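Remarks on the structure that follows.
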Amino acid sequence: VQLQASGGGLVQAGGSLRLSCAASGGTLSLYGMGWFRQAPGKEREFVAAISRGSGTTYYIDSVKGRFTISRDNAKITVYLQMNSLKPEDTAVYYCAADKWGDARRLGGIDYWGKGTQVTVSS
């Protein structure tokens with residue numbers, strides 16, 4: 001499975017961005033899909049995930065109510081809608097696929113996409 005993330009950019013605090021993750025080489029509906037981020041000098045952290053099948057969603061506390069993850073299995077794409085962005089959301093965002101789980105654990109990820117930079121100015 002190859003994953004390609006896009007949609008990052010520079011935005012002012014309070015603004016919005018939508019990240020997209022296009023998948024190829026596999027059946028997206030069979031994978032739990034997630035977004036992780038890594039800020040400079042920090043470890044990569046879980047942000048949001050959506051399970052295969054039921055589509056249950058999970059979020060890190062700091063983005064609840066602001067970010068929404070969704071998937072379009074027909075378009076084999078996963079989205080992360082990010083609203084009310086804050087400077088602390090600045091990071092490189094990575095999409096990820098988990099063949100056996102719900103893509104919430106860093107160690108459970110089977111496939112990573114290249115990151116897309118999100119920069120939020122104050």
Side-chain angles (χ1 to χ4, degrees):
V1 174
Q2 292 80 45
L3 305 175
Q4 180 65 51
S6 61
L10 173 64
V11 64
Q12 289 187 332
S16 299
L17 284 173
R18 188 176 81 155
L19 305 184
S20 299
C21 176
S24 61
T27 303
L28 189 66
S29 60
L30 298 180
Y31 293 83
M33 298 297 297
W35 289 93
F36 291 73
R37 66 187 179 188
Q38 188 166 16
K42 295 187 177 181
E43 295 185 350
R44 192 172 297 188
E45 66 173 355
F46 165 75
V47 176
I50 185 166
S51 68
R52 62 184 184 276
S54 66
T56 302
T57 57
Y58 308 90
Y59 300 94
I60 192 174
D61 285 347
S62 61
V63 308
K64 286 181 179 177
R66 300 189 297 122
F67 290 13
T68 303
I69 188 171
S70 60
R71 65 193 301 161
D72 184 333
N73 290 333
K75 295 183 178 179
I76 53 174
T77 302
V78 176
Y79 304 97
L80 185 67
Q81 178 67 44
M82 305 186 295
N83 299 328
S84 302
L85 282 161
K86 303 176 180 181
E88 51 264 44
D89 295 318
T90 295
V92 177
Y93 283 71
Y94 298 88
C95 64
D98 184 340
K99 188 173 183 180
W100 304 108
D102 52 23
R104 285 188 286 172
R105 294 188 308 108
L106 203 66
I109 299 303
D110 295 290
Y111 303 99
W112 291 99
K114 291 183 178 180
T116 184
Q117 176 71 47
V118 172
T119 303
V120 184
S121 63
S122 57

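Quick caveat: nothing in here was measured; it's all calculated off a predicted structure.
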Lys86/Asp89 ion pair, N-O < 4.0 Å
no
Do [X] and [Y] make a side-chain contact, defined as non-hydrogen atoms from C-beta onward lying under 4.5 Å apart?
X	Y	answer
Tyr94	Ile109	no
Tyr31	Ile50	no
Asp98	Asp110	yes
Ile60	Glu45	yes
Val118	Val120	yes
Met82	Trp35	no

Inter-residue atom distance [X].[atom1] - [Y].[atom2], 0.5 Å rounding:
X	Y	atom1	atom2	value
Ile69	Gln81	CD1	CD	12.0 Å
Gln117	Gln38	CD	CD	11.0 Å
Met33	Ser70	CE	OG	11.5 Å
Ile76	Cys21	CD1	SG	10.0 Å
Cys95	Tyr79	SG	OH	12.5 Å
Trp100	Leu30	CH2	CG	10.0 Å

Determine the minimum heavy-atom distance between [X] and [Y], stating which atoms define it.
X	Y	answer
Arg52	Gly101	NH1-O, 3.1 Å
Arg44	Phe36	CG-CB, 3.9 Å
Ser16	Asn83	OG-OD1, 2.9 Å
Ser84	Arg66	O-NH1, 2.9 Å
Ser51	Tyr58	CB-CE1, 4.5 Å
Ala13	Pro87	CB-CD, 4.1 Å

Using the rule that Ile, Leu, Val, Met, Phe, Trp and Tyr join whenever any side-chain heavy atoms are under 4.5 Å apart, tell me whether Val92 and Leu106 fall into a single cluster.
yes
Sequence-distant partners of Tyr93, ring-ring contact (aromatic ring centres under 6.0 Å, His included), two or more places apart:
none
Listed partners of Arg104 passing salt bridge (Lys or Arg N to Asp or Glu O under 4.0 Å), at least two apart:
Asp102
Between Ser6 and Gln4, is any side-chain donor less than 3.5 angstrom from a side-chain acceptor?
no
